[in-house]
Amino acid sequence: MKEYDCIVIGAGMAGLTAAIYLQRAGKKALVLESKIYGGQIINTINIENWPGDFKVSGAELMQKIYQQAIELGAEVEYEEVVEVVSGDDKIVKTEDGEYKTKSIIIATGTEPRKMSDAQTKSAGNRAISYCATCDGALYKGKPVVVVGSGNTAKHEIAYLKNIASEVYHIHHDDPIPEDAVAVFVAIGRVPNTGIFKDLVDIDKNGYIVSSEDCRTSAKGVFVAGDCRTKTVRQLVTAAGDGAVAAAGVIEYLSGKKAE
Ligand SMILES: Cc1cc2nc3c(=O)[nH]c(=O)nc-3n(C[C@H](O)[C@H](O)[C@H](O)COP(=O)(O)OP(=O)(O)OC[C@H]3O[C@@H](n4cnc5c(N)ncnc54)[C@H](O)[C@@H]3O)c2cc1C
């Protein structure tokens, strides 16, 4: 079984930043990612609040950060983590195999909230999307519906109005209009933390409980980015968490050596 100083779960902003800091400190890090590197920002066309770039796309920004992590020697494997067995050494299980590690950084972020069962049923065979920028062009000249009432829903409506023949706007749990061919869901996000519920403390909304030191209730397990309890979920705070969690791991590993 391959062994690492730290396994980082998730290759978004938080996870990749953590990998950069770990590699620069001479630690052997593996990043495990279930989809593609970059995380939730990957499809955003214009980011205007990443310091140092007036305008940058999510894909361009995350490509640079990924490249930096790889060039520093971080390994990235595309495997979904399904279980973590805690102990002094920890075993991280994926759909394809198992890895041994002295420490873990959970950086699994959030995913779009799904519609209720009743609303999903009323959508029938219509296409369901969580990203108008990614999928809107598929419905050029056709009627679509946006579900949700927050800023993301407003953004999706404005974007789709330039493409679709009609953009219906409904709220969570309203029935889907008959003639809409696709449903764009924008009803918030939920943390990807279900698999960690027996490993670390999680709050009532599913976020991993942690303060600014990015420590969790489990020894040697740290958390970074949008999946932890915090007030501002943004790229800069995810990057900050990645650095703090990596520093926590480095301190933890030096304590282990001295034991
Ligand atoms: C549409 C949109 C626009 C935004 N615009 C901005 C903006 O302009 N400026 C800004 O600062 N912030 C913006 N944000 C917020 C910003 O994207 C997030 O705060 C940041 O990306 C969080 O990074 P993260 O690394 O914590 O999580 P994520 O980016 O969510 O990354 C988590 C990664 O973990 C992976 N993962 C999850 N579960 C597993 C598992 N079991 N095994 C392996 N891998 C797993 C996921 O696939 C994902 O790649 C935006 C968010 C959205 C959705």
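Order of appearance sets the numbers: ligands from 1, and atoms from 1 within every ligand. For this chain, numbers begin at 1 and follow the sequence in order. Reckoned from all heavy atoms, side chains included, excluding hydrogens, waters and symmetry mates.
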Open item on the list: Any atom of ligand 1 sitting under 4.0 Å from a heavy atom of His155?
Closed with: no
Task: Exam field: side chain Thr216 to backbone Val221, donor-acceptor pair closer than 3.5 Å - done: yes
Task: Test item: Asp203 side-chain N/O and Gly206 main-chain N/O as donor-acceptor pair under 3.5 Å - done: yes
[X] neighbourhood, listing ligand 1 atoms whose heavy-atom distance to it stays under 4.0 Å:
X      : result
Ile9   : 42 (N), 43 (C)
Glu80  : 41 (N), 42 (N)
Ala14  : 25 (O), 26 (O)
Thr44  : 1 (C), 2 (C), 3 (C)
Gly225 : 26 (O)
Gly109 : 27 (O), 28 (P), 30 (O), 32 (C)
Thr110 : 30 (O)
Gly39  : 29 (O), 31 (O), 48 (C), 49 (O)

Open item on the list: In terms of relative ring orientation, are His155 and Tyr159 parallel, tilted or perpendicular, with 30° and 60° separating the classes?
Closed with: parallel
TODO: Could you check whether the rings of Phe222 and Tyr252 sit parallel, tilted or perpendicular, using 30° and 60° as the cut-offs?
DONE: perpendicular
Pairing donors with acceptors under 3.5 angstrom, does anything connect the side chains of [X] and [Y]?
X      : Y      : result
Asp213 : Ser211 : yes
Ser129 : Asp135 : yes
Ser34  : Glu80  : no

Among all protein heavy atoms in this structure, tell me which lies nearest to [atom], with the distance rounded to 0.1 Å.
atom                    : answer
atom 29 (O) of ligand 1 : Gln40 N, 2.9 Å
atom 50 (C) of ligand 1 : Ile41 CD1, 3.6 Å
atom 15 (C) of ligand 1 : Arg233 O, 4.0 Å
atom 34 (O) of ligand 1 : Gly10 CA, 3.2 Å
atom 37 (C) of ligand 1 : Thr108 O, 3.3 Å
atom 7 (C) of ligand 1  : Asn49 OD1, 3.8 Å
atom 12 (N) of ligand 1 : Gln234 NE2, 3.3 Å
atom 45 (C) of ligand 1 : Ser34 OG, 3.3 Å

Region of [X] engaging ligand 1 - heavy atom pairs below 4.0 Å:
X      : value
Arg189 : side chain
Ala107 : backbone
Leu32  : backbone
Asn192 : side chain

Task: Selection residues 221-242 - residue pairs positive for salt bridge (charged side-chain N to carboxylate O under 4.0 Å, His left out), sequence neighbours left out - done: Glu212-Arg228, Arg228-Asp241, Lys230-Asp241
TODO: Decide if atom CG of Asn205 counts as having more than 12 heavy atoms of other residues, nucleotides or ligands within a radius under 6.0 Å.
DONE: yes
Open item on the list: Within the supplied structure, the quantity of interest is the number of heavy atoms (other residues, nucleotides, ligands) at a distance under 6.0 Å from Arg126 CZ; does it exceed 12?
Closed with: yes
Open item on the list: If you measure every N or O of Gly38 against every N or O of ligand 1, does any of those distances drop under 3.5 Å?
Closed with: no
Heavy-atom nearest option to [atom], drawn from [options]:
atom                    : options                      : value
atom 26 (O) of ligand 1 : Val236, Asp226, Ile45        : Asp226
atom 49 (O) of ligand 1 : Glu79, Glu33, Glu77          : Glu33
atom 41 (N) of ligand 1 : Ile47, Leu235, Thr152, Val81 : Val81

- [ ] State yes or no: do Val236 and Ile41 share one hydrophobic cluster built from I, L, V, M, F, W and Y residues joined by side-chain heavy-atom distances below 4.5 Å, directly or via other members?
- [x] yes
- [ ] Measure the spacing between CD1 of Ile42 and OG of Ser57 and express it to the nearest 0.5 Å.
- [x] 8.0 Å
- [ ] Check whether any side-chain heavy atom of Thr193 sits under 4.5 Å from a side-chain heavy atom of Lys197, and report yes or no.
- [x] no
Open item on the list: Quick test of your reading of the model: are Asp5 and Lys28 salt-bridged, counting only N-O distances below 4.0 Å?
Closed with: no
Open item on the list: I'd like to know if Arg215 pairs up with Glu251 as an ion pair, taking the criterion as any Lys NZ or Arg NE/NH1/NH2 lying under 4.0 Å from an Asp or Glu carboxylate oxygen.
Closed with: yes
